[in-house]
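In each ligand, atom 1 is the first atom listed, and ligand 1 is the first ligand listed.
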Amino acid sequence: MAEEDLKSKIIKKGNLPRHIAIIMDGNGRWARKRGLPRIAGHRAGVKTVKRIVEAASGLKISILTLFTFSTENWQRPREEVSAIMNLLYQTTKRELSELEKNNVKLITTGNIEELSSTRKEILKKAIQRTKDNTGLVLNLALNYSGRSEILDAIRKISVDICSGVIKPEDLDEGLFSSYLYTKGLPDPDLLIRTSGEMRISNFMLWQTSYTELYVTPVLWPDFTDDDFYQAIWAYQNRQRRFGKI
Ligand code: FPP
């Protein structure tokens with residue numbers, strides 16, 4: 001089906017996912033297939049990020065979360081870590097005026113305090129400058145680990161219980177969620193993973209309990225608007241039962 005037809009069909013169908021999360025995978029393999037260094041794959045991946053942010057904005061999706069850097073990614077070779085971080089920093093700097101113009105609100109999920117001070121400052125500036133935007137919320141999961149997020153929440157809850165701010169019996173799913181990094185965000189409706197791996201990889205473990213999963217063999221740098229629309233179309237044609245019949 002032509003891309004425009006699919007886009008119109010998606011819009012006409014109506015039950016768009018409010019929150020889409022993406023595990024962007026396959027940059028390294030994309031580069032290897034071309035005999036290029038891994039960083040060339042990440043560079044190509046940034047172009048896909050730009051395309052998909054525009055596509056999500058065009059569909060009026062409320063929240064797009066991109067798994068940009070996991071805490072496990074620090075274990076990659078130092079040059080690769082630094083190249084990914086520089087790409088992130090340069091892209092944020094370069095695209096800030098586009099984000100502002102397109103009414104995109106940038107937020108992050110994860111521990112950005114551990115990033116170097118220059119990188120942190122540029123991110124914080126972009127977050128600050130876009131905070132009143134009312135269009136797409138672009139949530140970059142950065143230095144993120146789902147298990148650490150849950151442990152951090154438990155630590156904060158323990159402190160609040162010990163100091164009497166909350167009582168153990170107050171703790172329900174809503175209150176627990178409010179201690180997570182994603183406080184205030186609805187859970188993802190759809191999680192897309194590129195490059196064919198059938199894993200969650202420590203991503204939003206609490207928040208994806210009822211999320212629809214969509215795995216495509218397409219490598220992230222090759223992921224097109226049409227692939228994005230296909231994922232949404234698949235989501236729209238599923239029945240979400242949340243454990244009911
Ligand atoms: C996964 O591919 C990709 C990453 C760990 C990094 C993704 C980061 C970017 C695309 C740059 C971020 C920029 C912005 C602006 C959000 P992989 O290296 O794990 O690929 P492989 O599994 O084929 O080796």
Side-chain angles (χ1 to χ4, degrees), residues 20-57 61 63-102 104-112 114-116 118-127 129-130 136-146 191-204 215-224 227-228:
I20 302 180
I22 307 184
I23 301 179
M24 311 180 284
D25 196 11
N27 294 350
R29 273 161 283 173
W30 182 93
R32 196 173 59 227
K33 266 173 52 181
R34 288 163 177 77
L36 297 169
R38 292 179 58 82
I39 181 61
H42 298 311
R43 230 177 269 128
V46 171
K47 290 193 182 141
T48 307
V49 168
K50 192 167 156 59
R51 267 203 313 274
I52 299 307
V53 168
E54 282 165 8
S57 251
I61 300 293
I63 304 145
L64 177 68
T65 294
L66 300 177
F67 198 5
T68 305
F69 195 86
S70 70
T71 50
E72 292 80 12
N73 288 153
W74 292 112
Q75 290 157 35
R76 293 186 176 205
R78 203 144 51 95
E79 312 79 72
E80 182 172 345
V81 169
S82 138
I84 294 177
M85 286 297 166
N86 283 339
L87 268 180
L88 175 71
Y89 161 75
Q90 288 157 1
T91 310
T92 313
K93 217 167 147 178
R94 194 183 58 232
E95 299 295 331
L96 179 55
S97 55
E98 276 295 296
L99 294 178
E100 286 183 299
K101 200 170 81 199
N102 292 309
V104 176
K105 175 176 173 169
L106 183 76
I107 62 169
T108 58
T109 289
N111 189 351
I112 68 163
E114 282 178 7
L115 304 183
S116 78
T118 334
R119 287 166 185 151
K120 213 164 40 194
E121 285 323 305
I122 186 86
L123 274 170
K124 284 189 174 168
K125 180 177 160 202
I127 291 167
R129 289 255 295 265
T130 60
L136 176 74
V137 173
L138 174 60
N139 178 26
L140 300 183
L142 260 181
N143 195 18
Y144 177 83
S145 148
L191 170 61
I192 301 171
R193 181 166 188 152
T194 59
S195 98
E197 309 292 347
M198 303 284 184
R199 284 192 289 276
I200 295 289
S201 297
N202 205 6
F203 182 64
M204 294 203 167
V215 177
T216 168
V218 177
L219 305 176
W220 178 249
D222 291 330
F223 191 74
T224 60
D227 294 317
F228 186 57

request  = Could you tell me whether Arg34 sits above the aromatic face of Trp30, with NZ or CZ closer than 6.0 angstrom to the six-membered ring centre and within 45 degrees of the axis?
outcome  =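 Yes, cation above the ring, under 6.0 Å and within 45°.
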task = Keeping the roles fixed (side chain from Asp222, backbone from Val218), state whether a donor-acceptor pair exists under 3.5 Å.
result =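 Checking the backbone N and O of Val218 against the side chain of Asp222, no donor-acceptor pair under 3.5 Å is found.
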message = For Ile84, is there any backbone N or O sitting under 3.5 Å from a side-chain donor or acceptor partner on Tyr89?
response =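 No; judged by distance alone, with no hydrogens or angles, the pair does not exist.
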query = Is it the case that more than 12 heavy atoms not belonging to Lys124 sit under 6.0 Å from its NZ atom?
reply =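 Enclosed.
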Residue shell around ligand 1, heavy atom under 4.0 angstrom =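 Residue list for ligand 1: Met24, Asp25, Gly26, Asn27, Gly28, Arg29, Arg38, His42, Gly45, Val46, Thr68, Asn73, Arg76, Leu88, Thr91, Leu140.
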task = In plain terms, say whether Arg51 and Glu54 are close enough for a salt bridge, that is, a side-chain N and a carboxylate O under 4.0 Å apart.
result =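 Salt bridge flag = no for Glu54 with Arg51.
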ask   = Would you call Glu95 and Lys101 a salt bridge, taking side-chain N to carboxylate O under 4.0 Å as the test?
value =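 Result for this pair is no, no salt bridge flagged.
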